[in-house]
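The sequence lines fix the lettering, A, B, ..., with proteins before strands; numbering per chain opens at 1. Keep in mind the model is a prediction, meaning the values are calculated, not measured.
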There are 2 protein chains.
Amino acid sequence: MRRGGGRAARSDDVRLRNRAALIAALREDGPRSRTALAAATGLSAATVSAIGGALLEEGLLAPVAAEAQGGRGRPQAPLGLNPARATAAAIVVSNRAVDTVIVDYSGSEIGRSWRGALPRDAGPAALSAALAAEIDAARAGARRDGAPPIAALTIAWQGVADAEARRVVWSPIVDARGVDFAGPLAARCGGRVAVMNDAAMVAEAFLRRGAKRSGAPTDLALLLVGPGVGMGLVLDGAAAAGRASSGMEFGHMTHVPGGAPCACGRLGCVEAYAADYAILRGAGRDERDDPLAVAQAARDGDPAARAAFAAAGEALGYGLGRLFALLGPLPVALAGSGAAAADLLRPAMVAALEQALAPELSGPLELSVAGDATALALEGAAAHALRRLDAALAAGAEIAGAPWREAVA
Amino acid sequence: MRRGGGRAARSDDVRLRNRAALIAALREDGPRSRTALAAATGLSAATVSAIGGALLEEGLLAPVAAEAQGGRGRPQAPLGLNPARATAAAIVVSNRAVDTVIVDYSGSEIGRSWRGALPRDAGPAALSAALAAEIDAARAGARRDGAPPIAALTIAWQGVADAEARRVVWSPIVDARGVDFAGPLAARCGGRVAVMNDAAMVAEAFLRRGAKRSGAPTDLALLLVGPGVGMGLVLDGAAAAGRASSGMEFGHMTHVPGGAPCACGRLGCVEAYAADYAILRGAGRDERDDPLAVAQAARDGDPAARAAFAAAGEALGYGLGRLFALLGPLPVALAGSGAAAADLLRPAMVAALEQALAPELSGPLELSVAGDATALALEGAAAHALRRLDAALAAGAEIAGAPWREAVA
DNA sequence: CTCATTTTCTTCGAGGCCCAAAATAAATGG
DNA sequence: CCATTTATTTTGGGCCTCGAAGAAAATGAG
């Protein structure tokens, strides 16, 4: 039981943590004066001043033009993340398209690209090359010149990645297995390449957006229902991943043993009832039909379509019941084509959840609906890449870029 | 997304962490010299000396008689946890009995008691009184006089406790709901009372025992199959609990929607196929029959009995498949009456797991069998209580007891 | 126009903490 | 009896955070 008790702490771990805390505060809530940062982090003004000074020296932070403040006293001099310090990239690969975004260190988008779906039969080399090309394309269209090279890349990808988030273990998008992105792409990303589950990235972005508005809900199970069924789980404000893989294969949890055939080859997975293809199949439509059209048919009273959505909702509801049995109840959000059909899914989901779990254990279903899944996934992946960059820079990693000394001289 | 970034660290957090690390090292692997502690924790000899000195002053540690070492040089002077510093208690409540153990701060048992099952209809007051009486009984039989008052108590209990681990939300053992143990028992336990799920305590003890032998397997899903089906999950060496409750209600995860009736009132729970009562029902036996007798009948070829165990194994296997889909594959251990029938359950479990999950996601089932569940639960609960005591003492809490100054003077 | 006031930010000294190196302690074995 | 060996404690240096005091940079009243 290596509980660690926490490995021993050295004296300078404290500085490291506080550097990270300062950067995180700026990342989460934007530029602020030293005084405001002191209040936000709980550090003393003296310490914020010291750490802030060091981070300015290192080019991590930059002074930001103060807004008119009015009132007496010395005006605040806000600090912000220095956009020129580094650059990060995010790629979202779905079965329909590849979306890429380049952001500066402060999180502003500086470039973007789009292309249609990758060919299913692309081999590892072709895949890496295609993604590299997208990064180049996005950079080429950059609104700003002279940005430093990309120092971190996060790929949001429908499928299963391994624990180190570098290989695709399985994905419905391409036939290739065990593709290692780290190798080919690492060269242009300072080695910081991560392959993450798409739903996890959507969850992160959705929660982040919500947090900006309301208080700070820190838990969420996001169901990404579309060509497949994925789940992104956020617990205590941190993305929860499985052990061996980046995990959380909600869609491939068995719903009915021996039930409907799933794209993964097993029988009775949740996905086999709730994914787009399952809806189409259940409604007796053609594979290539538009799921949204089926949803409209269901709203117009088509019994087969209604039954298909009821079955999908039931599978999702039972799945949530199983999840809640293990983890306790969580707020839930729907994204993807499932979000567009939330009105059709909800009643069956609620009913199934009630069947599945005693009310003491589940409580009423808290279900919200997320917007454009691709946009959210891009946002989440970019945030993810930036956060890894933050960690590296806070720890003093040497990453090229930025008005380094020049800004000070 | 309150990711925290980790709250700001103060300078003296370092000392606190290192105190805890030192205590944890002694707790996990027994008394050792300062030099050995330095090696184990990664701290410098100078720091171990300083912290050790302070802990000796506070009565947390005590010199231990050194074993003959032979060889040159100044002999090592081992330090150990001071047995007299504090006392902790552990109670395991099952539907058959209440077992209680009192341990000193070094973890040695100094008293024990046993009584038969609690009456199902006992109210909150009667329950608290009964447990308090057991503690007194265990103390009365103590092999050692003058032990300090009990400063922490952990109750392992079949059922659901709330997040603060103080109330029983639901339990098959008694009819009462929402019983708060903290109030009545806190007075005699320094306020440190925790109500934990029994399976979680068994898991903890099982893994700890294993860790002493082999390397350090830090993940485990322990299935406690008996009057009910519980699960204790250890991830990264730490007990994983659900959000709202102390969670992990594996037994009440739906196996087959609309399936067999469960003791919880729902239909199709895993428990409704795998618990003792389900086995008896499935084999067409009387409720009061002995499940072990049914197991023997199955081994002797009784088809109904075989079928009952096959159904139980299938439910467990699919349940594990669902768990693995979310968390990734884990080593599994069986405890309780299920452990005694592991030979009967295993084939169906393996088969069901193969049906449930693609081999990439699950790998082969790693199944081990745990010993006496009650003994393990007691051990785990005592360890849990001691760990909370460690945390309090490391942080400098004032807890009465121990050769305080006297030992030094 | 000047200057007290107010608020922000920086500097300074004190108190901790950890570590490496030096000093001390306590055995062994020739 | 003493050189050698190993364990532990002491010492000094380098960081770190913090509170308090000082410096900076505005406002606004006279």
Side-chain angles (χ1 to χ4, degrees), chain A residues 6-22 25-26 31-57 61-80 394-396 408, chain B residues 6-22 25-26 31-57 61-80 394-396 408:
Chain A
R7 208 76 255 118
R10 325 218 157 293
S11 236
D12 34 338
D13 290 349
V14 175
R15 207 1 135 37
L16 239 55
R17 282 184 58 119
N18 288 341
R19 281 168 65 103
L22 210 65
L26 290 171
R32 261 164 305 167
S33 71
R34 292 160 175 82
T35 313
L37 281 170
T41 58
L43 293 168
S44 72
T47 303
V48 170
S49 196
I51 295 178
L55 294 178
L56 279 167
E57 269 290 299
L61 304 187
V64 168
E67 303 168 21
Q69 308 175 240
R72 289 203 159 208
R74 176 174 175 172
Q76 304 191 338
L79 294 174
V408 182
Chain B
R7 209 74 257 118
R10 324 218 158 295
S11 234
D12 34 335
D13 290 349
V14 175
R15 201 9 122 50
L16 239 56
R17 283 184 56 120
N18 288 342
R19 281 168 64 102
L22 211 65
L26 290 170
R32 260 163 307 166
S33 71
R34 293 158 175 83
T35 312
L37 283 169
T41 59
L43 293 167
S44 72
T47 302
V48 170
S49 193
I51 294 179
L55 294 177
L56 279 166
E57 269 290 298
L61 304 186
V64 168
E67 303 167 20
Q69 307 176 244
R72 288 199 159 214
R74 176 174 175 173
Q76 303 190 338
L79 294 173
V408 182

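Within the 4.0 Å cut-off from OP1 or OP2 of dC16(D), not a single side-chain nitrogen or oxygen of Arg10(B) is found. At dT17(D), one or more side-chain N or O atoms of Asn18(A) fall inside 4.0 Å of OP1 or OP2 (strictly under the cut-off). The side chain of Ser11(B) contributes no N or O atom lying less than 4.0 Å from OP1 or OP2 of dC15(D).
The two residues Pro78(A) and Ala66(A) have their closest heavy-atom pair at CD-CB, 3.6 Å. For Pro63(B) against Leu56(B), the heavy-atom pair with the smallest separation is CD-CD2, 3.9 Å. Among all heavy-atom pairs drawn from Arg32(A) and Leu37(A), the shortest one is O-CD1, 4.0 Å.
Between Leu55(B) and Arg19(B) there is a side-chain heavy-atom pair separated by less than 4.5 Å. Residues Arg10(A) and Asp13(A) form a side-chain contact, since some pair of their non-hydrogen atoms from C-beta on lies under 4.5 Å apart. Between Leu61(B) and Pro31(B), the closest side-chain pair of non-hydrogen atoms is not below 4.5 Å. For the pair Thr41(A)/Asn18(A), no side-chain contact is recorded, criterion being any heavy-atom separation below 4.5 Å from C-beta on.
Using a 4.0 Å cutoff on non-hydrogen atoms, the parts of residues 42-49 of chain B near DNA chain D are Ala45(B), Ala46(B), Ser49(B), ordered by number.
Taking atom CZ of residue Arg15(A) and atom P of nucleotide dG14(D), one finds them 17 Å apart after rounding to whole Å. Per the geometry, CZ belonging to Arg17(B) stands 16 Å off C1' belonging to dC16(D), to the nearest Å. Put simply, CD on Gln76(A) is 15 Å from C1' on dT27(D), counting in whole angstrom units. With rounding to whole Å, Arg74(A) atom CZ is found 9 Å from dA24(D) atom P. Between Arg72(A) atom CZ and dG28(D) atom C1' there is a gap of 5 Å when expressed in whole angstrom units. Here the P atom of nucleotide dG14(D) and the CG atom of Asp13(A) are 20 Å apart, to the nearest Å.
Computed from C1' positions of five pairs at each end, the angle between the two local axes of the helix from dC1(C)-dG30(D) to dG30(C)-dC1(D) equals 30°, rounded to 10 degrees.
When each of Leu22(B), Thr47(B), Leu79(B) is paired with Arg34(B), the side-chain contact (heavy atoms from CB on, under 4.5 Å) condition holds for Leu79(B) and for no other.
Here Gly71(A) lies in heavy-atom contact (under 4.0 Å) with sugar-phosphate atoms only.
For Ala77(B), counting side-chain heavy atoms from C-beta on, the closest listed nucleotide (dG28(D), dG14(D), dT8(D)) is dT8(D).
Read 5' to 3', the first and last nucleotides of DNA chain C with an atom closer than 4.0 Å to a heavy atom of chain A are dT5(C) to dC19(C).
Between Pro75(A) and Asp12(A), the residue anchored closer to the 5' end of DNA chain D is Asp12(A), taking for each the nucleotide with the nearest heavy atom.
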